[in-house]
Amino acid sequence: MRCADSIVPVIVALSIVGSAAGRSSAAAPIFIHAQRYAMGTMFDIAAYHPARAQAERAIEAALAEVVHLDHVLSHFDPESDLSRLVRRGRGVLVDVDPALYDVLNESMEISRRSGGSFDVTVGPLVRVWQTAQSSGRTPSPDAIAKARRCVGFEKVQLVPPDRVRLDADCLSIDFGGIGKGYAVEHAIRILEGAGIEHAVVNAGQSTIAAIGHSPDRAGWLLDLNVDGSGLGRIELTDGSVSTSCQSHVPLREGGLAYGDIIDPLRGRPIESTTTVIVRAPSATRADALSTTLLLLSIEEGKRVLEGFPRASALWVAADGNVLARHRDVGAAPVKR
């Protein structure tokens, strides 16, 4: 979820790479950058590596994997692996793509730990509110009740290694709160597997993951754009930062604007103007946790984070001031 520009983290390194690229030599690391549109946003990958052709092949393979995962996980594409599961897996076990099983398994874990606040089966409620927004009205209580009957992570049954059953005839799945992080993490793995040691993957500035560092720094310079935090810029390496906030839409009720992040337990959009920034080793978990913490009170969110000892978080007000923090986002453990 991309938030207001005043709070979105910015990769500072990407704005100053021109001089580094111009100074490259046979022995010096060369800057390589490419991007691809997928999952409704732009994915950027940048790397420093002494062999340009090797790095270009690795980045192309990583971007190809992002596009592949978009086809696997998309609920918009009727031919995606996810759409086929929703059509065929209601009441029966079906074999699914390993990546689909993997992200479902990770989603169920976050759902269990958050008491159902994070729930990828929220799709029916999302559709009810989107329909209402497009017609300029709010959903009826009956429409919300019918959609809530279709929602519940416990209705998804996973049988290792790759079989899934959906125990509701109206259940659907939306990976909007975890899919980009999963794609970012897999892109990083492909880069590492190809021998790239210094790279950053950026999914629309909502989830950013990095390995190694840019030249002359201990990591990749990231500006959190948060006032009053004492953080300013941090160096990110061997980990991820993800940002979530409620994006408001024109529909109004009682003077309040509603957005597209739906609370599955209440059956309606959250009304928060807070932004949550999470730092964690895993981009998948950073993405899911930033969404989860937005759905919970700060104290409830801190309790959830106790189950993730290497994750840290900031809760930021609309004016950019820090409301709370759990552990220190700027001082999270960094592997040198």
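- Hydrophobic clustering of Ile, Leu, Val, Met, Phe, Trp and Tyr side chains at less than 4.5 Å, counting indirect connections, unites V304 with L323.
- A donor and an acceptor atom, one from each side chain of H33 and D44, are located under 3.5 Å apart.
- Side chain of S107 to backbone of V120: no donor-acceptor contact under 3.5 angstrom is found.
- Using modelled atom types, one side-chain atom of D70 and one backbone atom of M39 make a donor-acceptor pair closer than 3.5 Å.
- For S297, the side-chain contact (heavy atoms from CB on, under 4.5 Å) partners are E299, E300, not counting sequence neighbours.
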Task: W129/I144 under side-chain contact (heavy atoms from CB on, under 4.5 Å): CA gap, chis, key distance, verdict - done: CA-CA 9 Å; W129 281 90; I144 293 174; 3.9 Å; yes
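- In terms of modelled atom types and a separation under 3.5 Å, the side chain of S206 and the main chain of A203 share a donor-acceptor contact.
- Counting heavy-atom neighbours within 6.0 Å of K155 NZ, excluding the residue itself, gives a total above 12.
- Separating the CG atom in L293 from the OG atom in S244 is a distance of 8.5 Å, to the nearest 0.5 Å.
- When every heavy atom of A58 is checked against every heavy atom of I190, the shortest pair comes out as O-CG2, 4.2 Å.
- A distance of 5.0 Å separates CG of L100 from CZ of F175, quoted to the nearest 0.5 Å.
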- [ ] Just do the side-chain contact (heavy atoms from CB on, under 4.5 Å) check on R149 and C170 with the steps written out, would you?
- [x] CA-CA 8 Å; R149 181 180 66 85; C170 54; 3.8 Å; yes
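- Contact check for V278 versus V241: no side-chain heavy atoms found under the 4.5 Å cut-off.
- Shown are E56, H198, Q54; of these, the side chain to side chain donor-acceptor pair (under 3.5 Å) with H49 is made only by Q54.
- Taking D167 as the reference, R165 meet the salt bridge (Lys or Arg N to Asp or Glu O under 4.0 Å) condition, with sequence neighbours excluded.
- Looking only at distances, a side-chain donor or acceptor of S83 sits under 3.5 Å from a matching main-chain atom of D77.
- Sorted by first and then second residue, the side chain to side chain donor-acceptor pair (under 3.5 Å) pairs with a member in residues 181-196 read D102-Y182, Y182-H186, E185-R189, E185-S282, E185-T284; sequence neighbours excluded.
- Listed for the R268 side chain is no donor-acceptor partner under 3.5 Å among the backbone atoms of D263.
- Under the 4.5 Å side-chain criterion, counting only non-hydrogen atoms from C-beta, L85 is in contact with V94.
- Going from atom CG of L104 over to atom CG of L166 covers 8.0 Å, rounded to the nearest 0.5 Å.
- Under the 3.5 Å distance criterion, with hydrogens and angles disregarded, a donor-acceptor pair is assigned to the side chains of S172 and R127.
- Side-chain N or O atoms of S240 include one that pairs as donor or acceptor with a backbone N or O of I208 at under 3.5 Å.
- For the pairing with C245, the side-chain contact (heavy atoms from CB on, under 4.5 Å) check across T275, V316, I277 returns one residue only, T275.
- I30 and I211 fall within the same hydrophobic cluster, where Ile, Leu, Val, Met, Phe, Trp and Tyr residues are linked whenever their side-chain heavy atoms come under 4.5 Å apart, directly or through other members.
- For S290 (side chain) and D287 (main-chain N/O), a donor-acceptor pair under 3.5 Å exists by modelled atom type.
- Shown here for R148 and G267, the closest heavy-atom pair between the two residues is CD-CA, 4.1 Å.
- Rounded to the nearest 0.5 Å, atoms CG (L289) and CG (L294) are 12.5 Å apart.
- Between D169 and R90 there is no salt bridge, since no side-chain N of the basic residue sits under 4.0 Å from a carboxylate O of the acidic one.
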TODO: Go through the steps to decide whether H71 and D81 satisfy the test side chain to side chain donor-acceptor pair (under 3.5 Å), and finish with yes or no.
DONE: CA-CA 7 Å; H71 182 68; D81 294 77; 4.6 Å; no
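- Considering CD1 of I270 and CD1 of I261, their distance stands at 5.0 Å, rounded to 0.5 Å.
- E306 has no carboxylate O lying under 4.0 Å from a charged side-chain N of K302, or vice versa, which leaves the two without a salt bridge.
- Salt-bridge formation is detected for the pair E60/R36: a Lys NZ or Arg NE/NH1/NH2 atom is positioned less than 4.0 Å from an Asp or Glu carboxylate oxygen.
- Between the side chains of E235 and H213, no donor-acceptor pair is found at a separation under 3.5 Å.
- Side chains of V92 and R88 form no contact here, defined as non-hydrogen atoms less than 4.5 Å apart.
- Residues G152 and L171 share a closest heavy-atom pair of O-CD1, 4.2 Å.
- Counting non-hydrogen atoms of other residues, nucleotides and ligands closer than 6.0 Å to CD of E197 gives a total of 12 or fewer.
- Here F76 sits alone; no ILVMFWY side chain lies under 4.5 Å from its own, so it joins no hydrophobic cluster.
- Without hydrogens or angle criteria, Q157 side chain to V164 main chain gives no donor-acceptor distance under 3.5 Å.
- Put simply, the side chain of S242 never gets that close to the backbone of T207: no donor and acceptor are under 3.5 Å apart.
- Under the 4.5 Å side-chain contact rule for hydrophobic residues, V184 and V67 do not share a cluster.
- Closest approach of S214 and Y48 over heavy atoms only: CB-CE1, 3.8 Å.
- Put simply, I178 and L265 are part of two different groups of oily side chains (I, L, V, M, F, W, Y) that touch within less than 4.5 Å, one to the next.
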- [ ] In sequence, state the C-alpha distance, the side-chain angles, and the governing distance for T273 and Q246, and then conclude on side-chain contact (heavy atoms from CB on, under 4.5 Å).
- [x] CA-CA 7 Å; T273 59; Q246 178 69 295; over 6 Å; no
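- A search for salt bridge (Lys or Arg N to Asp or Glu O under 4.0 Å) contacts involving D97 returns nothing, not counting sequence neighbours.
- A pairwise comparison of heavy atoms in I110 and A288 identifies CG1-CB, 4.1 Å as the closest pair.
- A distance-only check finds a donor-acceptor pair linking the side chain of R87 to the backbone of P78 [under 3.5 Å].
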Open item on the list: Let's go through Y101 and L158 carefully: what are the C-alpha distance in whole Å and the side-chain angles of both, what is the deciding distance for side-chain contact (heavy atoms from CB on, under 4.5 Å) to 0.1 Å, and is it a yes or a no?
Closed with: CA-CA 8 Å; Y101 186 93; L158 305 180; 3.6 Å; yes
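- For the atom pair I173 CD1 and L82 CG, the distance stands at 5.5 Å (nearest 0.5 Å).
- Evaluation of the side chain to side chain donor-acceptor pair (under 3.5 Å) rule for T121 yields D119 as partners, not counting sequence neighbours.
- At least one cation-pi condition fails for R112 and F118: the charged atom is not both under 6.0 angstrom from the six-membered ring centre and inside a 45 degree cone around its axis.
- Summarising the geometry of I196 relative to A199, their closest heavy-atom pair is CG2-CB, 4.0 Å, with the distance given to 0.1 Å.
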